Structure formats: C-alpha cells, structure tokens
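See structure below.
Residue numbering restarts at 1 for every chain, and letters A, B, ... go by the order of the sequence lines. Computed from a predicted model, the values in this text were never measured in an experiment. The basis for the numbers below is simple: all heavy atoms, side chains too, and nothing from hydrogens, waters or symmetry mates.
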Amino acid sequence: MEKTYNPRDFEDRLYKEWEESGCFKAVRDDNKIPFTVMMPPPNITGQLHMGHAMDETMQDAVIRFKRMQGYCALWLPGTDHASIATEVKVVEQITKEGLSKESLGREGFLKRVWAWKDKYNTRIVEQLKKLGSSCDWSRLTFTMEEKCSRAVREVFVNLYNKGLIYRGSRIINWCPNCKTTLSDEEVNYAEEAGSFWHIKYFVEGDNETFLEVATTRPETMFGDTAVAVNPDDKRYKHLIGKKVILPVVNKSIPIVGDKHADMEFGTGVVKITPAHDPNDFEVGLRHNLPVVRVMNDDGTMNEQAGKYKGLDRYECRKQLVKDLKSGGFLVNIQPHAHNVGHCYRCGSTIEPLVSRQWFVKMEKLARPAIDAVTYKKITFVPERFAKIYYNWMENVKDWCISRQLWWGHRIPVWYCGDCGKEIVSKTDITECPHCGSKNLTQDEDVLDTWFSAALWPFSTLGYPDDTSDLEYFYPTDVLVTGYDIIFFWVARMIFSGIEHMRKVPFRDVLIHGLVRDEKGRKMSKSLGNGVDPLEVIDKYGADSLRFSLLQGVAPGNDTRYSDAKVEACRNFMNKIWNASRFVIMGTEGAKIKPISEFRLSAADKWIISKLQSAIRDVTLALNKFELGIACQIMYDFMWSDFCDWYIELVKPVLKSEDEVKRDGAASVLVFVLENALKLLHPFIPFITDEIYRNLPNTSGTIMTAEYPRYNAKLNYKKDAQSFAGIMDIITAVRAVKTEVNCPPSRKVRLFIHTDSKRLINANESSVLKLAGAKEIKFVNSAEEAGENAVTKVLAIGTVYIPMGELVDIEKEKARLSAELEKVTSEIARADGKLNNQGFISKAPKKLVDDERAKLNKFIEMREKILKQINSLN
RNA sequence: GGGGGCAUAGCUCAGUUGGUUAGAGCGCUUGCUUGACAUGCAAGAGGUCGCAGAUUCGAGUUCUGCUGUUCCCACCA
C-alpha cells in the first residue's frame, strides 16, 4: 500500500471494476428479499450540485447496506427531461445564436433539445459514477424514452376515461415570458413594494356619486365586468343593482353584492375582473358576469384595452394612471406591500388569467393518498413532514397539466376537423374513429414534467405491462429526497401509485434538507456560491465528500457545506488508510486465524466488545435511516477506540517473542479492521474496498461481503469494563506528566495500591509503553512510594508517581484539592438522588444499584484523597 | 392569517422510547521528530443546553406560554 492516502490512485479503477463485475445489477432472485430504491431523476438542465451529491450519497449508503445484508438490492437510476426548465435553457442557448423557437420550428427545436439532453445526460451519469453510486446502469431510464411515454399515455387515457382528466376554462397561472401555464406549485410568491391606486367609478346617471375602488393592478380595469360591495355594508348597500361607468373606457358595469368584498379592507369596494383574478373569477360565476381577457400571451394588452392595445402590461399601467389622473378619476396612490407570484423557472411576474387547459381532478385521488400516510402504509422520516403532506393534500386544487411548450410528452388528444370530436388515444392515430376523417390535429401542448415523474416508481419497471420486475421490485422500499419537492413529486407519486398500481409506491420517505454554503445561504447560480462536487472529489476524493455530507446530519435538517468539513473527513480517510497500513505491515508473517482459536487478552476483549457495540448501534441507526449517527459511531470507533487505543496497546505485543501472542494480536487486528471496514463501506465505498483487497485472507470486493452481525458472545462486558481501569492508569500518568511539565520521553516509576494486581500484571507492557513508565511496583501505602510522588486516585486503585524535583508541594495540594472538590460534588449529587424516596422506589433497580455503586466509589476516592492531602501537610 | 424548523462550547453541529460526570469537528492553550499517520500524538481550557412555568423520583430530551431567527402554505382586491 502507498504511504499516503491518495484517492485518485484507486477510485476510478475500483468503480470500473465494480461496474464490470456486474455487482450493481439487480436481477430478480426469489431466494432473496428485494430492496428497491428509485433514484429521484436529476434534471438534464445542467450538472449535479451539492444537493444531488448528498441525495445520491444517502441512497447509495442505504442500498449498499442492504445489498451487503443479503437483499436483492435495486437502485434504479435515471434522468428527467424537465420540460420547462430544459426548454428555458435551450431557448437561452439558441437566443445567443440569434435563433428562436419559431425560426427553428417544432422539429428543429426538439432536435436541439435532444442534443442538449445527450450532452447533459452523459455528464450526469459520469458525475454519479465519480461519487461511487452503486446503481444498476443497465436500467438507466430517461423520462422521455419510449418506456415512460407509454406509461404516460396509458395513465392519461385511463384517467380521462374515468373522468379524472378534463379540459376546461379556468383561471391558471400564466408566465408571459415562457408563454405557458404553470401549476400552482410552480409559482413562487415574494413580497414586493407595490401601490394601491384609488380610482373613482361614478354611478351611472349621477355625476356626484362614485365608488372608490382600490386596486393593485389598474391595467386589468379593461376586464372589469362588475364592482362588488359587501351586501351587509351599510355604506353601499343601497347601490347594489345600480351601475357604474368604467373610467376611460366609459363602459357600464353592474354593482353586485358579494361577500368576497371585505368591509374592513381598503374602501370596501372591489373591482371584479373575472378573467384575471382567481377570486374575481369565482365572483363572476356567482353573478353570471362576462369574462373579458385584456392581455395577450406575451403580457401585452389586447384590443380590449382600446388605445393601449399592444403596450406591455406595465407600460399600459403607467399611461393609464396618467390618463386617470388627468381625467380626475385618480383619488390617490398609496404604497402597498403585497405578494406577487413569479415563474419558478424564469422569475417573470405571473399573470393569472382564464384559459382553456387540461386538468387532473384531484378530489378522488387525494383521499386514498391521505389514508395511505394516516394508516402508515407510507412513513415519512422524520415524521413531521407527514403534516406538511396532509396540509397540501387536503387543500389540493385541480392540477393544471397542459403546458404550451414543445419539450415534453405531447398530450395524446386529437381533434377531428370534421366531426369536431376529441379523441384520446394510447397510440398515435391518423383517422377519426367517429367519422373516419383524416382531418385530425393533435393537441399542441405537452404535459407538465411532473406528470411523468409521478409515474417513476412503476414506469421504470415496465408498467403498464405486468412485468416480473414490477411484481418483484414494486412497491419500492424507500424514497430519498429533499423537502422542497414533497408537493411537486412525492405527493403525486403517492396518489399515482395508488390509483394505477393499487399499491403505494414506497414504504418510507426519507426527507433531507438543503445543502447550504458556509454562511448558511442557499447555493445558487445568481449568488455564485455553488460548489461543484466534482471539484471537491478531484481535490479530496469521493469518500471524503460523501462522509462530510453524511456526518452530523440529522434527517430533514439543512446542512452547511464547507471545505473545512471535507478536509476533516479527508483526515479521517487518511487515518483509516494509515491504520490499515499498520495492520497489514505489522501483521506480515503472522498466522491470521479465527479469533476463537486464541486466548484473548484484556485489550483484545475490550476492542472486540467495542466492535460489537458498533455493529449493533450502526445497524440500528441505519435501519432507522439515521445516517449521521451511524457515521459518528464509526468515526469514534475507528479513530478513538481502534487507532488511539487498540493499535497502541497492541504494538508491544506484535514485538513480543511469544509467537502465539503475536499471532493472536495480529488476528484480532485483522478481524476488527475487516469488520470496521464493512461497517464503513456503505458510507465510504472506495477506501474500504481498496484496503479490504489488501487484507490477508480476503477475496473479491467488500461490496458483496456479508454485513457484520452483532454477536452477544463477543461482547465481553465485564472484561471490557475492567480493562477501562488499565486505560485510566495510562491516562492518569500522562496527565500527571503534563501537569508537572515532565517530558513525555522521561520514563517514570509507578507505585500502585490496588486490588487488581493480576489485571495490571497482565497488561504491564501496555501500561509501561503507553504511560511512558519503566516499572510498576505494588504498594500498600503512600509512604512506600517515597517522597515527591504525585498521587492519582482512580477507581482501580491509587497510583503514586515519583516526580522528584518536578513536584511542587503547593501545586500538588491545589491539584488534590480540586479533585477533592469534584469528587465531593459527585458525592453530593449521588447522595441527593439516593436520599430521594421517589428515586429509590420508582427508578429501575439497575439504575439505583449503579448510583449506589458510584457513590461508594466516590466515597472511597474521597477518603484516599483526604488522606493524601493530610500527608502533605 | 395558518403550520413547521432552529435556538446546546468561540464557530459549525450531533444528542430518537426522559436515566452515567452533556458530545464531535474546527478554533484555542501546553507539550511531543513515541517505528501507521504532523492530514499526526498526548494533556487541557471552554456549556446556568434561548427565557418562564408545568409534568416526573428524574427534563437538553415531554407539555404550555414567551422571545429571537428561519422556512413552507394561503394570498384581502
């Protein structure tokens, strides 16, 4: 093995080997239990960012864990065509070349998008591989490939036939820049400083009386078809039924009474513009008002705006306000902060308007989807996200699925030019089934990108065919994704899975947070604070990045990325690397045999017990998807227990003359390291496999090795506990040396008053080595240790360390007094507890016993410390 | 308007059925060319776990209220 950890030497090589060996592939095996994870398909809009890196790492960790446990583990990868997002990108690209969608035409434009897709799809796959993702590449799926398109059509037609998809004129969100509708979820609201324009609407035939209307969007005035007041409003009640004259336009519109008008808000008078406001649309329905659209698709005014026709909506507003003012209609302008909707892709201000679109009827689909979570067929991790899900699902409105875009699944509906009927079909048609006409035109629009994404858990496995894969791998086991797409995607997969497969799409939903920058800001292009995972991998290796994205992260919580964190993880990799080098080199020539063939030392039993705890706790944590905790356990075990203690303890043994002892130590070293590597493999697959291959008596890849199982027989609790006493001695001696400024290299003599002579004798060489001592003598009193000895009172006994001229009596007294104080306060605490009748009678017996033992120990220690202080006086 | 999250060491964060003397990384102090590793080793300093109550034998952990901060949903024109 190389002297320093250099991930570039082996990461790519190992990945290639894994891929070629076929161990990523999941093939139905009825002797195994399936475990399925569907990768949330990254958008082909660009390359992967840190958020993806975390998402993929979590999935990879889970799938590798399950694979090692013997499940038939399928992690199915894919990419998403991301209809609007990609289209925006490609339009940007062609605009730079002086081209446009129109100039290229539908075919030409789509050709450009496919080229884009090829480029980014390839890049994304490369990135996933660099990260170490163990997905089944033979199943790589793109949401616009034939397999998915077939599923989309099947679902569309089925929903249509059930009456759950319909076409209707309703208020939708319109992006004037992308020139398409958006679903409610695709609109982001942000508070903006706007204005309230107060405008006089004169009552017809009365030049004195007017209603003062307050509006934030005066330019929609041309579409006003009524003015509403609250029917209970004493100020205006008498005017209901009369008419007002629309200023500038000079059109007569009715005054209606409607509870929508809030008496407390503004002037209490609302202009009603059914074509451009969702609430007004409802009012319009109630009062049978005409719907007048005043804007074109690009946000300019149409012929309804009269002389303002052709102006951009905001330019029109400016001029109109000027005219209202000069006409004497404008009362005043008040500043008003209000929320304005923006397109989630291009940021343009959304225009609500009436349009004829395709919708999915949500009411019937939502109910079973709510039940699935209520009755725990699906569990959110952490649980709190179920609440967010309920809230959305219980208030969901019909889903607008048609988009005026070209990139996406085209709506499978044809309109007959002759009989006028609409035909919905799973396959392309050229002839009207009703009248035989060939005069057919397919709906121009495509489907919302989330429509196909909603089918992902089963479209990828062959739906609508009854495939063997579907039967075996569906429902999937866990979906890993961020909280930002619960509505867009998770919710829609749930109702889709239930509706079309009659089974929930997954059993657990593991939700993670966002990866933010060092300052806690969202990583974004505009801020320029994004960090490219590939660059980090190049610098530190994939394992370091992976570990940094998992360690210390709690499910559902945001986390910060920082180079410092990755560096710390790289140091951990380096630690693992070097410890392994030591094990491999240090055990060369030794006979590595099963540990059961040796008489284990106290240190051996201690580390083996620690390993058992790690196995138990890590497995438990992973089963609960607590990846951060699992990583922390392994970090501590590997660094503190294995490296700092066990390796150091075992060094003298490896140098021993006793061959059996040497072989024993070597075997334990290899045994513990091998198990630790297996436990670490799901998180840091590269380094663990590279080392595993260099260990004695291993073959093949660690990837397919069996995951360690907890073995209670190897958990030597008592031995481990008593060995902790040895560690106490070592720590105490080191501390004393530091306190009295004794160079660590200076060997000291130890006088120990203890009942555990055998234990200490058995571990003498370790104590001498690690404490930096030259001899151990057992004594029965402080006097035997001579003068100028520093005293450490420990649970295992009292240690006297002669320090000669280095000892400052006053300092030693102060030190002992400090220790006395500490022990005294502990005694007070334990005493208080044990004097509490409630504690004695209600707390578990074990706890009470432990507390009593602790108290006795502290009392004993206090006696010894007191005695020592007295002897110094 | 409704609902969450977070508030623990100087900084970034863990702490999941309530139960050892509350932890880690980074930073800080002191000392170490200890034969795997200075990307390291050893010893330390540093916390009234946001505030006020409640439940309990026992609360960082449960409940209520409050303060600060942040996010999501709704969108009164």
Suppose we screen for side-chain contact (heavy atoms from CB on, under 4.5 Å). Which residues come up paired with [X], at least two apart in sequence or across chains?
{"X": "A/R8", "value": "A/N6, A/D538"}
{"X": "A/D517", "value": "A/K519, A/R521, A/M523, A/N529"}
{"X": "A/E191", "value": "A/A337, A/N339"}

Which nucleotide in the list [options] gets nearest to the side chain of [X]?
{"X": "A/N571", "options": "B/A77, B/C72, B/G40", "result": "B/G40"}
{"X": "A/N574", "options": "B/C75, B/G19, B/C37", "result": "B/C37"}
{"X": "A/A579", "options": "B/C75, B/A36, B/C72", "result": "B/A36"}
{"X": "A/R581", "options": "B/A36, B/G19, B/G25", "result": "B/A36"}
{"X": "A/L847", "options": "B/U16, B/A77, B/G19", "result": "B/G19"}
{"X": "A/P844", "options": "B/G19, B/A36, B/C72", "result": "B/G19"}
{"X": "A/A554", "options": "B/A77, B/C37, B/G15", "result": "B/G15"}
{"X": "A/V270", "options": "B/A77, B/C37, B/C75", "result": "B/A77"}

State, without any angle test, whether [X] and [Y] hold a side-chain donor-acceptor pair at a distance under 3.5 Å.
{"X": "A/S544", "Y": "A/K539", "answer": "no"}
{"X": "A/T824", "Y": "A/K822", "answer": "no"}
{"X": "A/E192", "Y": "A/H342", "answer": "yes"}
{"X": "A/N230", "Y": "A/D262", "answer": "no"}

Less than 4.0 angstrom between a side-chain N/O of [X] and OP1 or OP2 of [N], yes or no?
{"X": "A/R560", "N": "B/C13", "result": "yes"}
{"X": "A/H336", "N": "B/A77", "result": "yes"}
{"X": "A/K846", "N": "B/U20", "result": "no"}

With heavy atoms under 4.0 Å as the rule, sort [X] into base, sugar-phosphate or nothing.
{"X": "A/K271", "value": "nothing"}
{"X": "A/Y390", "value": "nothing"}
{"X": "A/I647", "value": "base"}
{"X": "A/F385", "value": "nothing"}
{"X": "A/G541", "value": "nothing"}
{"X": "A/Y189", "value": "base"}

Separation of atom [atom1] in [X] from atom [atom2] in [N], rounded to whole Å:
{"X": "A/N578", "N": "B/A38", "atom1": "CG", "atom2": "P", "value": "7 Å"}
{"X": "A/H260", "N": "B/C75", "atom1": "NE2", "atom2": "C1'", "value": "11 Å"}
{"X": "A/I687", "N": "B/U39", "atom1": "CD1", "atom2": "P", "value": "16 Å"}
{"X": "A/K857", "N": "B/U20", "atom1": "NZ", "atom2": "P", "value": "14 Å"}
{"X": "A/R521", "N": "B/C71", "atom1": "CZ", "atom2": "P", "value": "14 Å"}
{"X": "A/K565", "N": "B/G27", "atom1": "NZ", "atom2": "C1'", "value": "15 Å"}
{"X": "A/M573", "N": "B/G40", "atom1": "CE", "atom2": "P", "value": "13 Å"}

Between [Y] and [X], is there a salt bridge with N-O shorter than 4.0 Å?
{"X": "A/E351", "Y": "A/R217", "value": "yes"}
{"X": "A/E648", "Y": "A/K651", "value": "yes"}
{"X": "A/R492", "Y": "A/E185", "value": "yes"}
{"X": "A/K376", "Y": "A/E383", "value": "yes"}
{"X": "A/R581", "Y": "A/E2", "value": "no"}

query: Given the rule in the salt bridge (charged side-chain N to carboxylate O under 4.0 Å, His left out) test, do A/R815 and A/E812 qualify, once you have shown the distances and angles that lead to the verdict?
result: CA-CA 5 Å; A/R815 195 183 59 74; A/E812 176 67 359; 3.0 Å; yes
query: Roughly how far apart, to the nearest Å, are B/G5 and B/A14 at atom P?
result: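 Those two atoms are separated by 14 Å.
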task: Keeping to residues at least two apart or across chains, list the ring pair (Phe, Tyr, Trp, His ring centres under 6.0 Å) pairs with something in residues 541-568 of chain A.
output: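 Residue pairs with at least one partner in residues 541-568 of chain A: A/F547-A/F572.
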field: Runs of at least three consecutive pairs that involve RNA chain B, where pairs are Watson-Crick or G-U with distances under 3.5 Å
entry: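 Stem segments, range with range: B:1-7 with B:67-73, B:10-13 with B:23-26, B:28-32 with B:40-44, B:50-54 with B:62-66.
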task: Step by step, work out the side-chain contact (heavy atoms from CB on, under 4.5 Å) result for A/M393 and A/Y390.
output: CA-CA 5 Å; A/M393 209 50 120; A/Y390 289 137; 5.8 Å; no
message: Checking side-chain contact (heavy atoms from CB on, under 4.5 Å) between A/L673 and each of A/L695, A/I647, A/V668, A/T587, which is the one that passes?
response: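 Per the side-chain contact (heavy atoms from CB on, under 4.5 Å) rule, the option paired with A/L673 is A/L695, out of A/L695, A/I647, A/V668, A/T587.
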- prompt: Mapping A/E185 and A/D262 to their closest nucleotides on RNA chain B, which lands nearer the 5' end?
  reply: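 Its nucleotide being nearer the 5' end, the pick is A/E185.
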field: Residue met sooner reading RNA chain B from 5', once A/N836 and A/F582 are mapped to nucleotides
entry: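 Nearest-nucleotide comparison on RNA chain B picks A/F582.
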query: Which letter, B, S or -, goes with each nucleotide of nucleotides 2-7 of chain B from 5' to 3', with contact meaning a protein heavy atom under 4.0 Å?
result: -SSS--
- line: Letter by letter from the 5' end, nucleotides 41-50 of chain B scores (B base, S sugar-phosphate only, - none; protein heavy atoms under 4.0 Å) SSS-------
task: Please name the residue in the list A/K846, A/K833, A/K857 that meets the salt bridge (charged side-chain N to carboxylate O under 4.0 Å, His left out) test with A/E851.
output: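 One option only clears the test, and that one is A/K833.
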query: Just wondering, are more than 12 heavy atoms of other shown residues or ligands nearer than 6.0 Å to CD in A/Q334?
result: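 Count over threshold, so yes.
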query: Is it the case that more than 12 heavy atoms not belonging to A/K522 sit under 6.0 Å from its NZ atom?
result: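 No.
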Contacts to RNA chain B from [range], heavy-atom cutoff under 4.0 Å, which residues?
{"range": "residues 618-634 of chain A", "value": "A/E626, A/I629, A/Q632"}
{"range": "residues 765-773 of chain A", "value": "none"}
{"range": "residues 546-553 of chain A", "value": "A/G552"}

Would you be so kind as to tabulate the donor-acceptor pairs closer than 3.5 Å made by side chains of residues 481-491 of chain A, with sequence neighbours excluded?
residue: A/Y483; atom: OH; partner: A/D558; partner atom: OD1; Å: 2.7
residue: A/Y483; atom: OH; partner: A/D558; partner atom: OD2; Å: 3.1
residue: A/W489; atom: NE1; partner: A/A453; partner atom: O; Å: 2.8

Expected list for residues 616-629 of chain A: side-chain donor-acceptor pairs under 3.5 angstrom, two or more places apart:
residue: A/T619; atom: OG1; partner: A/I615; partner atom: O; Å: 2.6
residue: A/N623; atom: ND2; partner: A/T619; partner atom: O; Å: 3.3

